[in-house]
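I have placed the structure first, in the form of structure tokens, so that the comments after it can refer back to it.
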Amino acid sequence: MVFGDRGTGKSTAVRALAALLPPMPVVAGCRYNCAPGQAVCPTPETHRPGKATTPVPFVDLPLGATEDRVVGALDLEKALAHGEKAFEPGLLARAHRGFLYIDEINLLEDHIVDLLLDVAASGENVVEREGLSVRHAARFVLVGSGNPEEGELRPQLLDRFGLSVEVRTPQDLKQRVEILKRCDAFERTPEAFAEEWSKAERKTLRKIAKGKDLLARVTVPDAVLTRASELCMAVGADGLRGELTLMRSARALFVRGMSAAGDLAPPMPADVWSDALLAARLCAIDPGLGGLVLRGGGEARDAVVAALVAGLGQGAPVKRLPAHIDDERLLGGLDLGATLSTGRAVSRTGVLAEADGGLLIVPMAERLAESVAAPIAAALDTGEVIAEREGMTLRSPARFVVVALDDGVEPDERPPVALTERLAFRVDFADAQPPKMFPGTIDHVVPHGAVAPPADDILAAIAVTTLALGIDSGRAPIFALRAARASAVLHGRSVIGEDDVMIAARLVLGPRATRLPPPPEAEPAPETEAPPPPPPDGDTSEQESGEPQPLEDVVLEAALASLPKHVLAQIAAGGGRRSPQAAGQGKGAKQRSPTRGRPVGVRAGIPRGGLRLSLIDTLRAAAPWQRVRGAQAGRVQVRLDDLRIRRFEKKMEATTIFAVDASGSSAMARLAEAKGAVELLLAEAYVKRAQVALVAFRGTEAELILPPTRSLARARKSLGALPGGGGTPLAAGLNAARELGEAARKRGRTPFLVILTDGRANIAADGSMVRQAAEEDALAAARAIGLSGIASAFVDISARPRAEGATIAAAMRARYLPLPRADARTMHAAVKGVQDAER
């Protein structure tokens with residue numbers, strides 16, 4: 001990752017890297033840069049005998065690239081001319097074993113980022129679209145550059161970069177003069193300049209080639225590995241990529257004649273790892289449990305998936321669901337190539353049907369579209385997939401286990417509820433490190449039908465625990481019972497026992513809790529009876545005195561003991577049960593777009609006014625009718641009603657507008673805390689790719705300090721220069737914030753106002769210093785905001801809040817937050833809570 005100032009040669013330096021890489025061996029004739037001996041290639045028929053060498057690929061991924069060019073798509077020339085269904089590799093295939101470069105990576109569209117994250121994590125590109133099902137290796141070095149003023153990267157993407165370089169404009173005069181000389185020399189005579197530096201370039205190339213040969217012979221001592229882990233733990237690095245990158249960087253630096261630092265992190269707490277593996281075992285025994293949601297985890301998560309694959313048995317299909325899958329490949333539909341070549345409608349099954357009897361892996365489930373989650377949920381419910389499309393009805397069995405990989409960072413980034421509700425287990429690997437040794441298999445166990453029906457006390461214990469934890473879903477107790485039955489099978493029992501129910505409560509019910517059970521009421525002591533005699537020595541427990549604890553209490557305790565930290569905190573704060581709107585995926589509002597964004601299907605129409613034709617879907621609509629229309633071989637007759645237009649969906653960009661009271665009535669210390677809160681909110685807004693604006697009001701007017709922008713650096717600079725003193729023209733500040741919000745709304749953005757003031761206006765809208773007029777004008781401006789429907793928060797930053805602030809907030813229809821003793825972090829948390837609730 002290369003971030004820094006504009007015009008500092010970031011892109012030039014990165015692209016120059018291609019000339020410094022020694023050629024690599026490849027299989028002759030391979031379109032995917034396969035290495036000699038590589039096991040899998042989509043087109044082995046193109047391979048020729050012998051070996052060859054080729055320059056290391058260096059592929060540019062432009063910001064305007066579409067999904068089909070990134071991942072690959074149907075070869076239209078072969079489909080139209082020969083009726084042959086062939087795959088045209090995309091940029092990811094070209095970048096295999098090389099470098100994939102993205103300039104201005106912080107401006108890359110989210111749906112393309114999702115594709116990169118999946119491929120970068122798995123090292124494999126899975127294409128399920130346009131009737132194609134292709135897998136090919138895609139391991140590359142991801143290189144990105146950009147200007148931080150244009151916005152920050154999503155944390156998930158930032159985590160894929162092992163090394164980072166910050167580039168600043170040189171301040172040394174000699175350096176700047178030398179840069180000018182070299183630029184001028186290259187522009188005047190490029191050939192002579194290249195010849196002048198060719199010797200140094202060849203020397204560097206030889207060093208790199210020698211270093212690659214030596215790298216495999218370098219070992220890293222345990223002391224260095226321990227130091228690397230200590231460093232990562234000290235800075236709070238998430239996951240294990242920090243240690244791995246330090247180790248690899250240390251090895252590379254050593255090859256250059258330098259030394260550096262990089263052991264395995266301490267093992268993950270046994271309960272989390274054991275629960276994850278136990279949940280995988282239970283799913284392998286009873287696929288009717290639906291599957292697992294695995295949040296975070298890295299290598300630990302991969303080990304759980306590998307163990308589950310082994311437990312499902314040899315030959316069980318394993319399908320990975322790519323983020324760019326279309327409806328035809330998900331559900332099944334018309335086989336375009338076969339239909340064009342035969343002249344009659346030919347159908348094919350989709351990914352869900354192909355996963356029957358096996359495993360469906362859903363990467364980046366927190367980004368999964370509801371339109372994709374719904375068919376998966378329906379298949380989990382019915383055990384079959386039904387496709388009604390293109391004049392055909394397709395019904396196929398589809399019984400599979402789902403593993404949803406949740407890489408969400410924010411608490412509200414979660415997979416769709418429609419999917420997670422149908423998966424029995426949820427395991428959160430947050431703050432946990434994997435053990436040193438991973439088991440590789442799960443023993444196959446006999447079917448669960450051999451277990452006797454559950455006793456009434458077992459059913460009562462599950463029902464009572466579900467009620468006590470506030471779990472409304474009817475699926476939860478059913479999953480708990482199935483998990484208890486599978487646990488009995490796993491341990492070789494023919495009857496469900498207490499231990500099995502406790503396991504089910506811990507794995508199924510605990511993570512679903514929305515409230516804590518009320519404490520037991522104390523029984524009044526009898527007035528006349530004498531106190532009971534003390535128990536004999538060594539006999540103090542309730543269990544040992546002959547009065548066993550009721551089963552439902554034991555099960556409830558097991559469920560409570562397994563509540564994750566964040567769930568417990570949410571429940572304690574009263575946030576265990578979220579509204580349907582807040583319980584979404586944390587993606588923000590969405591809107592239809594005619595030209596850009598994530599593809600969400602097609603519709604009939606004519607490509608005009610910037611609308612984009614979907615050629616594949618147009619051909620698919622026309623293909624079944626070619627024999628009727630009398631089309632000749634090699635030609636496809638397309639009519640007007642066959643035309644299909646692409647539909648896109650993109651997130652509505654949020655614009656947070658801060659209106660800050662910079663008047664003398666706000667003490668400088670309070671204003672400093674307000675500035676700190678604004679900075680914290682700004683930083684978070686940039687991570688979420690939102691825009692921020694800043695209005696300050698003081699004296700007799702309001703001033704737009706920062707127009708809507710993603711530039712965090714500019715925002716901080718504006719806050720640092722924010723002056724204080726003078727009167728409080730509250731009406732002017734409110735009007736300026738509203739007008740800015742309405743302008744943002746007209747540009748397709750979602751505005752949110754944050755007003756930071758003590759609410760005591762003393763400057764009227766006309767600039768006069770008449771307090772009564774100032775208060776009336778401020779109230780009128782607040783009502784205008786309320787009528788506009790713009791969501792807002794009113795933060796009263798005065799030392800002693802009075803009624804004026806609450807009155808203004810009520811007129812604005814804003815959340816009133818009196819924070820008389822709040823520091824910057826408290827303000828930030830309060831405003832963020834309101835903003836999330838309004839989302």
Side-chain angles (χ1 to χ4, degrees), residues 268-294 304 307-308 311 401 423-428 432 435 439 441-469 471 475-513 516-517 520 540-564 567-568:
M268 154 168 68
D271 56 347
V272 179
W273 168 248
S274 299
D275 283 353
L277 198 59
L278 178 57
R281 286 192 173 102
L282 298 181
C283 281
I285 293 169
D286 182 8
L289 288 166
L292 308 89
V293 179
L294 302 179
V304 172
L308 177 55
V401 175
L423 307 183
F425 305 110
R426 305 171 186 179
V427 181
D428 193 341
T441 61
I442 295 177
D443 295 334
H444 184 67
V445 188
V446 296
H448 61 269
V451 177
D456 290 345
D457 61 338
I458 297 291
L459 298 176
I462 292 175
V464 168
T465 304
T466 303
L467 182 63
L469 297 178
I471 302 173
R475 292 188 179 92
I478 296 174
F479 279 146
L481 180 58
R482 299 190 75 140
R485 182 184 293 121
S487 174
V489 173
L490 180 66
H491 295 94
R493 292 188 283 266
S494 59
V495 177
I496 298 175
E498 180 178 308
D499 291 342
D500 301 319
V501 185
M502 292 174 64
I503 287 172
R506 187 174 76 247
L507 298 181
V508 177
L509 302 181
R512 286 174 161 79
L516 293 175
T540 57
S541 70
E542 185 181 50
Q543 307 291 344
E544 296 171 350
S545 65
E547 297 180 6
Q549 192 175 8
L551 178 59
E552 54 263 31
D553 292 345
V554 176
V555 175
L556 180 57
E557 289 179 5
L560 292 176
S562 69
L563 290 179
V567 173
L568 193 60

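It should be emphasised that the depicted structure is a prediction, and the values quoted were computed from it without experimental measurement.
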Once rounded to the nearest 0.5 Å, what's the spacing between atom [atom1] of [X] and atom [atom2] of [Y]?
X      : Y      : atom1 : atom2 : value
Leu507 : Leu278 : CG    : CG    : 5.0 Å
Ile503 : Ile496 : CD1   : CD1   : 11.5 Å
Leu481 : Ile462 : CG    : CD1   : 5.0 Å
Leu292 : Leu308 : CG    : CG    : 6.5 Å
Phe425 : Leu294 : CZ    : CG    : 11.5 Å
Cys283 : Leu289 : SG    : CG    : 5.0 Å

Can you name the residues that form a salt bridge (Lys or Arg N to Asp or Glu O under 4.0 Å) with Arg475, not counting sequence neighbours?
-> Asp381, Glu421
Smallest separation among heavy atoms of [X] and [Y], with atom names:
X      : Y      : result
Pro477 : Thr466 : CB-OG1, 4.0 Å
Ala452 : Val495 : CB-CG2, 4.4 Å
Arg512 : Leu423 : NH2-O, 2.7 Å
Ile471 : Ala476 : CG2-CB, 3.6 Å
Ile458 : Gly497 : CD1-O, 4.3 Å
Asp286 : Ala486 : CB-CB, 4.3 Å

Just wondering, do Val293 and Val427 contact through their side chains at under 4.5 Å, heavy atoms?
-> no
Any side-chain heavy atom of Arg493 sitting closer than 4.5 Å to one from Val451?
-> no
Sequence neighbours excluded, which residues qualify as side-chain contact (heavy atoms from CB on, under 4.5 Å) partners of Ala504?
-> Ala480, Ala483, Ala484
Contacts of Ala463 that satisfy side-chain contact (heavy atoms from CB on, under 4.5 Å) - sequence neighbours left out | none
Can we say Asp500 and Arg485 salt-bridge, meaning some charged N sits less than 4.0 Å from an Asp/Glu carboxylate O?
-> no
